[in-house]
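Below is one structure, written out as structure tokens; comments come after it.
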Amino acid sequence: MPSVNIVGGGLAGLAAAAALGSAGFTVDVFESRAFLGGRATSFPVTAGDDDAELIDNCQHVLLRCCANLLDFYTRLGVADRIRFYREFIFLEPGGRQSKLSRGLLPAPLHFTGSFLRMPCLRAADKVAIGRAMLALMRERNRRKDLDQITMLDWLREKMQPERAIERFWRQVLVSAINEELDRMAAQHGFQVFWLGMLARSDAYEMGIPDVPLRELYSADVWSNIGQVKIHARAPVERVVFCDGVASGVQTENGVRAADYHICAVPFERLGTLAPELEIDTSRFEHSPITGIHIWFDRPVTDLPHAALLDRTIQWMFNKDKGRYVQFVVSASRSLVEMGRAEVIDLALAEAAEFFPAVREAKVERAQVIKEIRATYSARPGMEALRPDAATRARNVFLAGDWTRSGWPATMEGAVRSGYLAAEAVASASGRPARFLLPDIA
Ligand SMILES: Cc1cc2nc3c(=O)[nH]c(=O)nc-3n(C[C@H](O)[C@H](O)[C@H](O)COP(=O)(O)OP(=O)(O)OC[C@H]3O[C@@H](n4cnc5c(N)ncnc54)[C@H](O)[C@@H]3O)c2cc1C
């Protein structure tokens, strides 16, 4: 069977490896870091101590509509490590809860009962949101300008009240797309609401791994997947070309030849890895995410997670019986220039407004992880710039959450891109195969 080099052991590269490995290809994955998972990974809380507690670089959540990510977990035999929650909890400062969960009505009406009961929104907000949802269903296949306007443009066009924007649309979308409403192409907002909220009644269920992310891709899961060899701590200097065709990849241990190559690295790395491909990434920009991990001396909440309204911190995830909690801020530009202590003070001050027990609790440990290059910024106009898997070199393919996967930069987007690159390799080798699962609707 043909051999394939995959550069990058993030979800895109690993998904391509799992697909091609199970189809009988001989696959070598080269990952520069000591562990797999790329941005969706974990590391020891004490740097350099491999036995220390593992923490995720940031809480990663998925929805049940992430068909390909779930398929990937199934291929690895770890799908049962994802715990699904059927309730979204919105918390106001002061602690009042609003819960969104499905009722007995079929999609797209399944949220009607809980939505109408949400105290954080006024009746006028709910009517406006309902109107906008109907418009979204009508317009999603008709409008041609959804990649040219921002989501905020569209919400203003639909006369959404400020509170509905802040407490509903913004709360859901900024964390889903990792971009502000006034910078995000409306197309992504449409996709999140259609696939995640409207198309199927269970699609919104939120999945959270019950193990550190890194354990989902640990060495033993690969033993069931054909000929896949993982090389950790194996940075690839560049793809080696000869007459426009790639012959191998240059590693510290020499050139590793293969029939096909997949570059599954972030956009900012592609230029040095394979300049011969001449992929223009100059218009891609990053959007940051900040995770604030705090270990208290006592439980501060018994909620599993909550969306936090009207403040800088947007989500709380209860990582260990209410004593270790993680706060997440997406599109966190306002925190980038702040020092560690300042970010922790801000998080604690805000957290105390939602969880009064924080006032009495002592902080035993705290960690701030600013991922400045968390995802590319999904601004209007970017869709047309995302490259396909195929490149000008007939045996080199691209994968990565920034490539044209049909989804925004998410774990599902990364896995989709990996499956698409794997399909392109299979087709180029004369052994066409389908790996990509269609969206749920
Ligand atoms: C803080 C944070 C929170 C997030 N939260 C969510 C979430 O809740 N839900 C969600 O769906 N998505 C989330 N995302 C997005 C998600 O993590 C990414 O979209 C996805 O993991 C990207 O996967 P990838 O394989 O495309 O890229 P990466 O994960 O970046 O993988 C690329 C890999 O290539 C390796 N590499 C680079 N250059 C080389 C080289 N020369 N040689 C060898 N290896 C190389 C890197 O080390 C890396 O492991 C979050 C991202 C961040 C940063």
Side-chain angles (χ1 to χ4, degrees), residues 61-71 73-74 79-92 95-142 151 155 158 160-161 163-177 188-210 301-309 314-318 407 410 412 437-441:
V61 303
L62 59 127
L63 298 183
R64 217 185 267 279
C65 61
C66 296
N68 289 280
L69 179 60
L70 290 170
D71 176 71
Y73 289 149
T74 303
D80 61 344
R81 309 319 310 263
I82 310 298
R83 182 187 298 187
F84 280 94
Y85 294 85
R86 293 185 169 178
E87 204 170 58
F88 276 106
I89 302 161
F90 294 72
L91 268 190
E92 292 168 71
R96 187 166 68 163
Q97 298 184 13
S98 300
K99 294 182 178 172
L100 195 61
S101 60
R102 73 166 182 260
L104 296 176
L105 293 174
L109 300 173
H110 51 292
F111 285 133
T112 309
S114 61
F115 177 71
L116 290 176
R117 286 191 297 274
M118 284 175 83
C120 67
L121 297 169
R122 297 193 185 119
D125 302 323
K126 293 174 186 169
V127 172
I129 291 169
R131 257 196 297 106
M133 288 290 176
L134 289 173
L136 187 148
M137 287 192 284
R138 260 195 329 270
E139 293 178 18
R140 73 186 182 88
N141 286 328
R142 285 200 210 144
M151 192 65 194
L155 292 171
K158 299 298 172 236
Q160 295 297 288
R163 176 183 290 248
I165 292 177
E166 283 304 309
R167 290 193 160 186
F168 185 73
W169 297 101
R170 180 171 189 278
Q171 195 67 34
V172 173
L173 287 176
V174 172
S175 40
I177 306 295
H188 299 301
F190 268 56
Q191 190 177 23
V192 168
F193 273 96
W194 171 245
L195 287 180
M197 296 283 191
L198 297 168
R200 222 173 64 185
S201 65
D202 63 349
Y204 76 98
E205 292 179 10
M206 186 162 75
I208 298 185
D210 65 10
T301 179
D302 52 9
L303 297 177
H305 46 73
L308 309 179
L309 299 172
Q314 295 152 352
W315 277 90
M316 179 283 299
F317 295 95
N318 182 345
W407 268 59
T410 51
E412 170 74 4
L437 299 180
D439 275 329
I440 58 163

query = Could you go step by step and tell me if Lys99 and Ser114 meet the side-chain contact (heavy atoms from CB on, under 4.5 Å) rule?
reply = CA-CA 7 Å; Lys99 294 182 178 172; Ser114 61; 5.8 Å; no
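- Relative ring orientation between His305 and Phe317 is described as tilted, the plane-to-plane angle lying within the 30° to 60° band.
- Side-chain atoms of Asp125 do not come within 3.5 Å of backbone N or O of Arg163 as any donor-acceptor pair.
- Here the side chains of Met206 and Phe88 are in contact, with some heavy-atom distance below 4.5 Å.
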message = Could you walk me through whether Asp439 and Trp407 satisfy the side-chain hydrogen bond (donor to acceptor under 3.5 Å, both in side chains) test, starting with their C-alpha distance in whole Å, then the side-chain angles of each, then the deciding distance to 0.1 Å, before giving a yes or no?
response = CA-CA 10 Å; Asp439 275 329; Trp407 268 59; 2.9 Å; yes
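- Side-chain atoms of Asn68 never come within 3.5 Å of backbone atoms of Glu412 as a donor-acceptor pair (strictly under, hydrogens ignored).
- How far CZ of Phe190 is from NE2 of His188: 12.5 Å, rounded to the nearest 0.5 Å.
- In this structure, Met133 CE and Leu109 CG are separated by 12.0 Å, a value rounded to the nearest 0.5 Å.
- Considering only heavy atoms from C-beta on, Met137 comes within 4.5 Å of Pro108 through its side chain.
- Taking each heavy atom of Ala79 and Thr74 in turn, the nearest pair found is CB-OG1, 3.7 Å.
- Here the closest heavy-atom approach between residue Gly189 and residue Leu173 is recorded as CA-CD2, 3.7 Å.
- Cys120 approaches Leu309 most closely through the heavy-atom pair CB-CD1, 3.8 Å.
- Checked by atom type and distance alone, the side chain of His110 pairs as donor or acceptor with a backbone atom of Met197 at under 3.5 Å.
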task = Decide side-chain contact (heavy atoms from CB on, under 4.5 Å) for Glu87 and Leu100; before the verdict, give the C-alpha distance in whole Å, the side-chain angles of both, and the deciding distance to 0.1 Å.
result = CA-CA 6 Å; Glu87 204 170 58; Leu100 195 61; over 6 Å; no
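- Both tests do not hold together for Arg167 against Phe90: distance to the six-membered ring centre under 6.0 Å, angle to the ring axis within 45°.
- Closest approach of Leu121 and Ala164 over heavy atoms only: CD2-CA, 4.4 Å.
- Between the Gln171 side chain and the Leu308 main chain, a donor and an acceptor come within less than 3.5 Å of each other.
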task = Give the C-alpha distance, both sets of side-chain angles, the deciding distance and a yes or no for side-chain contact (heavy atoms from CB on, under 4.5 Å) between Glu205 and Leu63.
result = CA-CA 5 Å; Glu205 292 179 10; Leu63 298 183; over 6 Å; no
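- In this structure, Arg200 contributes its side chain and Leu195 its backbone to no donor-acceptor pair below 3.5 Å.
- A 4.5 Å side-chain heavy-atom check between Ile82 and Asp210 finds every atom pair outside the cut-off.
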request  = Evaluate ring pair (Phe, Tyr, Trp, His ring centres under 6.0 Å) for Phe168 paired with Phe193, printing each intermediate quantity in order.
outcome  = CA-CA 11 Å; Phe168 185 73; Phe193 273 96; 5.7 Å; yes
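- The shortest distance between side-chain heavy atoms of Leu198 and Leu136 falls below 4.5 Å.
- Here CG of Leu69 is found 11.0 Å from CG of Leu437. Values are rounded to the nearest 0.5 Å.
- Between the side chain of Gln160 and the backbone N or O of Leu155 there is no donor-acceptor pair closer than 3.5 Å.
- When all heavy atoms of Ser98 and Pro119 are compared, the closest pair comes out as OG-CD, 3.1 Å.
- Counting only heavy atoms from C-beta outward, the side chains of Leu303 and Asn318 never approach each other to under 4.5 Å.
- The side-chain heavy atoms of Leu62 and Tyr73, taken from C-beta on, include a pair separated by under 4.5 Å.
- By the 6.0 Å contact criterion, CZ on Arg122 is open, its count of non-hydrogen atoms from other residues, nucleotides or ligands being 12 or less.
- Minimum interatomic distance between Cys65 and Gly196 (heavy atoms only, all atoms of both residues): SG-CA, 4.0 Å.
- With respect to the salt-bridge test (charged N to carboxylate O, under 4.0 angstrom), the residues Lys158 and Glu139 qualify.
- Applying the ring-ring contact (aromatic ring centres under 6.0 Å, His included) test between Tyr204 and each of Phe111, Trp194, Phe115 identifies Phe111 as the sole match.
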query = When you look at Gln97 and Leu91, which way does the side-chain contact (heavy atoms from CB on, under 4.5 Å) test go after all the steps?
reply = CA-CA 5 Å; Gln97 298 184 13; Leu91 268 190; 3.4 Å; yes
